[in-house]
Amino acid sequence: MLFKYCPNVEIIAQAGSAIEALNLIRELNPDLLFLDIEMGELSGFDLLKLLNGQQNFEVIFVTAFDKYGIQAVKACAIDYLLKPINILELSNAVEKAAMQINPKKENERLKELVANIDRGDDEQRIAIPLSDKIEFLAINKIIRLEAEGNYTHIYLDNKKQYLVCKTLKEYQELLETHNFIRTHQSHLINFRKISAYVKTDGGYIAMEDGSQAPISRQKKDEVLLRIMK
C-alpha cells in the first residue's frame, strides 16, 4: 500500500521483532516508523522504552485493537491505524508525519550552514534536496555536474550520482567560489578533479573518474586561461 499510494515514502527496512527493529533503527536512523503493538515477547511500547529517548523519528502505530489507540496517542505517536488499513487514513497519516519531518530536515540544513562557517574550504558541504530527504554532500567529493533541463545530475568521486530538481545555474552560483568552472552550457566541473585537457575532437576535459566534459567555443578561452594559470 505504501508503494502504491505513498510514493514519497522510501522503505529502508522491515523487522519481524522488536529486537530486530531496535538494531535496524540504531543502524539506519529512519525518519518514520510504522510500529505494530503486539509483536510477540516485546510490544511496540517496549521497543520505544528500550530506545530510552534516543528515537529521532516519528511513529505511526498500526494495530488491530482499538483499545491501544488512546495509549498510542499518549505515547506521542503521529497517528495510529487500525487494521485492516484504510487507504485514505494511511495517506493522511503519512502526510501528517511529513509535516513533522520536513521542518526537522530544514533545521538540519540550517545547522549545516552554521557548521560550514567554521569549516575549511576542503570540508564545506552543500544540501541536496531529494524526494524523501535532504542529503549533505562534501563539495570536494563532487567530480562534475551535468544539466538535464531543470534538473542536475551530480557525480561524486565514489561513483555515486544524484538527480536533483535544481538548475545547473543555481549550482554554478553555489560552487564557482570552490574551484568549479562551467565548461559548457550543460557542464560544471570541479577543477581539482581534472586529469587532463585533451586537444583532439574539438577539445574536452578528462576527469579523474574517467568521464569527459566538453568545452564549448564560448567557454574555450576562459577554460584554457584557467588551465594555464
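Values reported hereafter were calculated over all heavy atoms of this structure, with side chains retained and with hydrogens, waters and symmetry mates removed. All values derive from a computational prediction rather than experimental measurement.
Two residues are said to be in side-chain contact when any heavy atoms from C-beta on lie closer than 4.5 Å; L188 and I181 fail this criterion. Side-chain contact check for V94 versus L2: some heavy-atom pair is nearer than 4.5 Å. Annotation: side chain of D46 is not in contact with side chain of E41 (no heavy-atom distance under 4.5 Å). Counting heavy atoms from C-beta outward, I25 and L47 have side chains that approach closer than 4.5 Å. With contacts defined as side-chain heavy-atom distances shorter than 4.5 Å, the pair I194/M207 qualifies. Between E208 and D157 the shortest side-chain heavy-atom distance does not fall below 4.5 Å. V59 places none of its side-chain heavy atoms less than 4.5 Å from the side chain of Y80. Looking at heavy atoms from C-beta onward, K4 lies out of side-chain contact with M1 at the 4.5 angstrom threshold.
Residues V9 and F3 share a single hydrophobic cluster, defined by chaining ILVMFWY side chains whose heavy atoms lie under 4.5 Å apart. Under the 4.5 Å side-chain heavy-atom criterion for ILVMFWY residues, a single connected hydrophobic cluster contains both F180 and Y171. L174 and I143 fall into different hydrophobic clusters, defined by Ile, Leu, Val, Met, Phe, Trp and Tyr side-chain heavy atoms under 4.5 Å apart, directly or through other members. Taken together through direct or relayed side-chain contacts under 4.5 Å among Ile, Leu, Val, Met, Phe, Trp and Tyr, L88 and L82 form parts of separate hydrophobic clusters.
Atom CD of Q185 is surrounded by 12 or fewer heavy atoms from other residues, nucleotides or ligands within 6.0 Å. Annotation: N150, atom CG; neighbour count of heavy atoms from other residues, nucleotides and ligands within 6.0 Å does not exceed 12.
Considering NZ of K141 and CG of L137, their distance stands at 11.5 Å, rounded to 0.5 Å. How far CG of D31 is from CG of L33: 11.0 Å, rounded to the nearest 0.5 Å. With rounding to the nearest 0.5 Å, the separation of CG in N86 from OG in S91 is 10.0 Å. Separation of atoms CD1 (I128) and CD (E135) is listed at 8.0 Å; rounding is to 0.5 Å. For the atom pair E58 CD and L35 CG, the distance stands at 13.0 Å (nearest 0.5 Å). To the nearest 0.5 Å, atom NZ of residue K160 and atom CD1 of residue I142 are 13.0 Å apart.
The ring pair (Phe, Tyr, Trp, His ring centres under 6.0 Å) analysis of residues 184-209, with sequence neighbours excluded, yields the pairs H184-H187.
The minimum heavy-atom distance linking L168 with S186 is given by the pair CD2-C, 3.4 Å. Between A213 and I189, the shortest heavy-atom contact is CB-CG2, 3.6 Å. Contact detail for E89 and L81: the closest heavy-atom pair is O-CD2, 3.6 Å. L42 and A18 get closest at one heavy-atom pair: CB-CB, 3.7 Å.
Listed for the R217 side chain is no donor-acceptor partner under 3.5 Å among the backbone atoms of K220. Here the side chain of T152 pairs a donor or acceptor atom with the backbone of K166 at under 3.5 angstrom. At least one donor-acceptor pair under 3.5 Å links the side chain of E20 to the backbone N or O of G16. Panel note: side chain T183, backbone P214; a donor-acceptor pair is recorded below 3.5 Å. The closest donor-acceptor contact from the side chain of E176 to the backbone of E173 lies at 3.5 Å or more, if one exists at all.
Using a 4.0 Å cut-off between a side-chain N of Lys or Arg and a carboxylate O of Asp or Glu, R144 and E146 qualify as a salt bridge. Salt-bridge formation is not detected for the pair K159/D209: no Lys NZ or Arg NE/NH1/NH2 atom is positioned less than 4.0 Å from an Asp or Glu carboxylate oxygen.
Residues forming a side-chain contact (heavy atoms from CB on, under 4.5 Å) with A13 (at least two apart in sequence, or on another chain): L24, L28.
Ring to ring, F45 and F61 are close: their centroids are under 6.0 angstrom apart.
Chaining together hydrophobic side chains whose heavy atoms lie under 4.5 Å apart places Y151 alongside L163.
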Check the pair K83, D36 against salt bridge (charged side-chain N to carboxylate O under 4.0 Å, His left out), reporting the backbone distance first and the verdict last. CA-CA 10 Å; K83 301 175 184 177; D36 207 336; 3.0 Å; yes
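Defined by atom type and a distance below 3.5 Å, a donor-acceptor pair is present between the side-chain atoms of E148 and H153. Counted by atom type alone, N179 and R226 present one or more donor-acceptor pairs between their side chains at under 3.5 Å.
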